[in-house]
Amino acid sequence: MCAAVSLPSALAADAGNGTANTPSGGIVSESATEASPEATNASGDDAEVSSPASPTASAADDADNERASEGPADSGSADAESTGATASPEDSAAGAGDATDDSATHYDYPVPGDLLKAYTALGGPDGSLGQPTGNAVEAAGGSWQAFRNGALYSKDGQSHVVHGGILTKYYESGMVDGQLGYPTSDEYTGLNDGGASQVFEHGQIHWAPGIGAWITSGAIQDRWRDLSWQAGIAGYPLGDATPSVNGGVYQIFQHGTMYWKANAGAHFVHDGSFRAYRNNGFERGPLGYPTSEETPTRDGGIWQSFENGTI
């Protein structure tokens, strides 16, 4: 019998393998329909509904410093290759009780129902997930179970594997009880710069070497999609969405920052506009939040409108 319940998170070294838009690992039941990573599952709801809990004022100041330096954030999930094992709460698995499916009792821990169907299709204990490391847990209208090489989640007849750096971030966000809900796709690999992504009920997680794993959701994710995701001008996210002044939200990307506010929408600030915006105090300064994207001028320049002015 295995000892403690754990969610291994150091196995995304293979996340960069495969073909773009092709899921790697995991299984979907016959009734399931997979979403493409280039097709957001966000409903366009207000960004503040799906953004993380507000940080302290000092955390917001730190984020401003990061934007000013245009350097990567140093919080959140580490690269999948360098991530250590992430332990899931042992009392969660213990509280679930033993599964009752007698057909699964030859494993170290019973694997019940839809989880068993998916696990068997993946090769069981000799497959990619390895042996279960704890009992199945029923939560949030579905069930999940930890294995030696990842975790398997099942809801509404769909089962999906989450592993590596994406699993680490998912665990940190609260898993099925957090902002993302259950996974609705397996992991997609072959993205820019060896990256990978996975779609969840209320957002996505993107991971890339040297960047780590970060969540996008809501209106900011919709705008990122419109800008061609990580292949576009924004690149990959470097942090999660962060609440800011006057009910707004911002999220830092490789090549600029995305902002959202209810009466302004979601817009990306980068290049020349970003430098001028930084010099004016970002959204906390006299210009307020952006209300448009950058627009080229006839003489080769650019302009971008804000709540209280134009750059």
Side-chain angles (χ1 to χ4, degrees), residues 5 7 9 12 23-29 31-54 76-77 86 88-89 92-93 95-96 112-115 117-119 129 134 136-147 150-188 196-207 213-225 229 237 239-243 249 251 260 266:
V5 177
L7 294 181
S9 58
S24 69
I27 189 73
V28 182
S29 69
S31 63
T33 302
E34 287 199 6
S36 162
E38 306 305 294
T40 178
N41 68 324
S43 61
D45 293 340
D46 289 347
E48 71 268 22
V49 173
S50 53
S51 18
S54 299
S77 297
T86 302
S88 66
S92 299
D114 288 339
L115 292 171
K117 294 177 184 178
Y119 184 49
L129 283 173
V137 178
E138 293 184 2
S143 60
W144 67 273
Q145 191 162 6
F147 295 81
L152 186 58
Y153 298 83
S154 183
K155 183 180 180 182
D156 298 333
Q158 299 186 44
S159 297
H160 301 285
V161 171
V162 185
H163 69 117
I166 289 179
L167 176 58
T168 301
K169 185 64 178 179
Y170 186 43
Y171 172 60
E172 290 172 354
S173 74
M175 293 198 300
V176 298
D177 294 316
Q179 69 178 101
L180 289 170
Y182 275 84
T184 59
S185 81
D186 292 321
E187 184 179 283
Y188 292 91
S197 70
Q198 190 155 5
V199 184
F200 296 81
E201 289 178 301
H202 308 301
Q204 293 191 31
I205 295 177
H206 282 74
W207 170 92
W214 303 100
I215 295 169
T216 58
S217 63
I220 285 180
Q221 180 177 281
D222 290 345
R223 177 61 66 185
W224 189 35
R225 175 201 61 203
W229 303 98
D240 295 329
T242 302
V249 176
Q251 187 163 9
W260 175 90

Apply side chain to side chain contact (heavy atoms under 4.5 Å, CB included) to residues S143 and L115 and explain how you reach the verdict. CA-CA 8 Å; S143 60; L115 292 171; 3.6 Å; yes
Between K169 and I215, does the side chain to side chain contact (heavy atoms under 4.5 Å, CB included) criterion hold? Intermediate values first, please. CA-CA 8 Å; K169 185 64 178 179; I215 295 169; 4.1 Å; yes
Side chain to side chain contact (heavy atoms under 4.5 Å, CB included), that's the test. Do F147 and Y119 meet it? Break it down for me. CA-CA 10 Å; F147 295 81; Y119 184 49; 3.4 Å; yes
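Within the 4.5 Å cutoff, the side chain of Q179 has heavy atoms near those of the S217 side chain. For the pair T242 and V249, the minimum side-chain heavy-atom distance is 4.5 Å or more.
Using a 4.0 Å cut-off between charged side-chain N and carboxylate O, K155 and D114 make no salt bridge.
The two residues L180 and S173 make their nearest non-hydrogen contact at CD1-OG, 3.9 Å. The minimum heavy-atom distance between P237 and T216, with the atom names listed, is CG-CG2, 4.1 Å. Looking at every heavy atom in both residues, A151 comes nearest to L129 through N-CD2, 4.2 Å. Annotation for A213 and W207: closest pair N-CD1, 3.9 Å, computed over non-hydrogen atoms.
Atom OH in Y188 sits 11.5 Å away from atom CD1 in I166 (nearest 0.5 Å). A distance of 11.0 Å separates OG in S154 from CD in Q145, rounded to the nearest 0.5 Å. Expressed to the nearest 0.5 Å, how far OG1 of T168 lies from NE2 of H163 amounts to 11.0 Å.
The backbone N or O of W229 lies less than 3.5 Å from a partner atom in the side chain of W224, making a donor-acceptor pair. The backbone N or O of T184 lies less than 3.5 Å from no partner atom in the side chain of E201, so there is not a single donor-acceptor pair. A distance-only check finds a donor-acceptor pair linking the side chain of Q198 to the backbone of S185 [under 3.5 Å].
Annotation: H160 is not in aromatic contact with W144 [ring centroid separation under 6.0 Å not met].
Ring geometry for Y153 versus Y170: interplanar angle over 60°, hence perpendicular rather than tilted (30 to 60°).
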